[in-house]
Amino acid sequence: KQKTAYEIPKRDWSSDVCSSDLEECDLIYTLVSTPSLPDGSYDVSSVWDVVKDFSNITSKKYFVVGCTVNPGDCEEFKKQLPKNVKVFYNPEFIAQGTIINDLRNADMVLLGYDSEIGSDNPVISDIRKLYTKIQTSRAIVCAMSTTAAEITKIAINCFLTTKISYANMLGDVLTMA
């Protein structure tokens with residue numbers, strides 16, 4: 001019987017991953033910090049640490065990368081994972097200090113997957129169900145290729161940053177008037 005996140009006993013947050021925990025779950029999210037580097041790329045070393053934990057997994061698993069990564073990173077993760085581990089990309093859109101509120105009230109959910117997985121894969125349906133369980137409003141789920149989702153996430157981040165910068169500059173002009 002497949003267990004879902006809300007059926008598995010709650011655990012404390014930990015950076016330690018036990019192989020028994022990995023074996024118990026079919027769908028595994030990684031939500032780690034990926035800070036920006038001086039060149040504008042993201043430091044995904046924490047994601048690589050999680051990928052290493054999957055090296056000995058023998059059963060079929062779905063690995064969902066939930067943090068911001070560079071375009072092409074999910075493809076690189078896939079190359080290092082056992083063939084039975086399928087990679088999905090489902091980045092969060094959160095502001096510092098408001099993660100729960102932002103996840104529960106998301107306007108949009110990005111979901112990237114390989115063409116070999118196919119859009120009719122039950123895991124995509126499971127991820128959609130997960131969001132309907134935690135969200136207070138109905139978010140638009142945009143499913144696309146993994147690389148397209150990685151690029152879309154960065155494009156949205158750039159757009160939001162531009163909007164904030166514009167509002168700040170407009171505020172500065174108005175205070176001078």
Side-chain angles (χ1 to χ4, degrees), residues 5 13 27-52 54 61-81 85-174:
W13 290 96
L27 179 66
I28 301 163
Y29 271 82
T30 181
L31 297 163
V32 295
S33 177
T34 53
S36 296
L37 296 171
D39 67 357
S41 66
Y42 295 95
D43 177 359
V44 295
S45 59
S46 295
V47 182
W48 279 112
D49 290 341
V50 176
V51 167
K52 290 175 194 166
F54 277 81
K61 300 291 176 201
Y62 300 101
F63 177 63
V64 183
V65 178
C67 43
T68 305
V69 297
N70 305 298
D73 280 345
C74 286
E75 187 62 32
E76 292 302 313
F77 301 146
K78 178 183 164 190
K79 289 177 185 175
Q80 298 302 314
L81 290 165
V85 178
K86 303 300 179 197
V87 177
F88 289 81
Y89 183 55
N90 179 222
E92 78 290 333
F93 289 95
I94 57 173
Q96 190 171 1
T98 61
I99 186 169
I100 301 300
N101 184 56
D102 292 343
L103 287 174
R104 294 196 63 182
N105 298 295
D107 295 325
M108 176 182 52
V109 174
L110 281 182
L111 180 57
Y113 60 91
D114 273 340
S115 57
E116 72 184 41
I117 293 172
S119 61
D120 59 342
N121 188 291
V123 174
I124 293 173
S125 176
D126 287 347
I127 292 172
R128 287 178 192 262
K129 286 178 192 172
L130 177 66
Y131 277 97
T132 60
K133 296 255 184 223
I134 65 171
Q135 288 189 324
T136 57
S137 61
R138 188 123 180 150
I140 298 168
V141 177
C142 300
M144 59 192 72
S145 75
T146 304
T147 303
E150 291 167 331
I151 293 168
T152 301
K153 166 64 173 164
I154 291 171
I156 290 170
N157 283 358
C158 290
F159 176 70
L160 294 173
T161 303
T162 301
K163 281 176 49 176
I164 292 167
S165 294
Y166 176 76
N168 288 337
M169 289 175 61
L170 186 58
D172 290 345
V173 169
L174 291 173

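All values below come from the heavy atoms of this structure, side chains included, with hydrogens, waters and symmetry mates left out.
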With S45, which residues qualify under side chain to side chain donor-acceptor pair (under 3.5 Å), at least two apart?
-> D43
So do the side chains of I127 and Y29 get within less than 4.5 Å of each other, counting heavy atoms only?
-> yes
Option passing side chain to side chain contact (heavy atoms under 4.5 Å, CB included) with Y42 (candidates V47, N70, L37) | N70
Sorted by chain and number, sequence neighbours left out, ring-ring contact (aromatic ring centres under 6.0 Å, His included) with F54 holds for F63
Less than 4.5 Å apart, any side-chain heavy atom of E75 and any of D114?
-> yes
Mind checking the OG1-CG spacing from T162 to N157? Nearest 0.5 Å is all I need.
-> 10.5 Å
Gap between atom OG of S165 and atom CG of L170 - 0.5 Å precision | 12.5 Å
Evaluate the side-chain contact (heavy atoms from CB on, under 4.5 Å) criterion for residues L110 and F93: first the C-alpha distance (whole Å), next the side-chain angles of each, then the deciding distance (0.1 Å), finally the verdict.
-> CA-CA 9 Å; L110 281 182; F93 289 95; 3.7 Å; yes
Looking only at heavy atoms, which two atoms of V69 and D73 are closest? And how far apart?
-> CB-OD2, 3.6 Å
Mind listing the closest non-hydrogen atom pair of M108 and C142 along with its distance?
-> SD-SG, 3.7 Å
Atom OG1 of T161 and atom NZ of K163: how far apart are they, to the nearest 0.5 Å?
-> 11.0 Å
Within a strict 4.5 Å, meaning less than it, do heavy atoms of the Y113 and K86 side chains meet?
-> no
Minimum-distance pair of heavy atoms, taken over all atoms of E150 and C74 = OE2-N, 2.8 Å
Heavy-atom count around N168 CG within 6.0 Å, excluding the residue itself: above 12?
-> yes
Mind running side-chain contact (heavy atoms from CB on, under 4.5 Å) on K61 and L81 for me, showing each step along the way?
-> CA-CA 10 Å; K61 300 291 176 201; L81 290 165; over 6 Å; no
Greater than 12 external heavy atoms within 6.0 Å of I140's CD1 = no
Tell me, do V44 and E76 make a side-chain contact under 4.5 Å, heavy atoms counted?
-> no
Non-hydrogen atoms of A143 and R128 that approach each other most closely = CB-NH2, 4.2 Å
At what distance, to the nearest 0.5 angstrom, does OG1 of T152 lie from CG of L111?
-> 12.0 Å
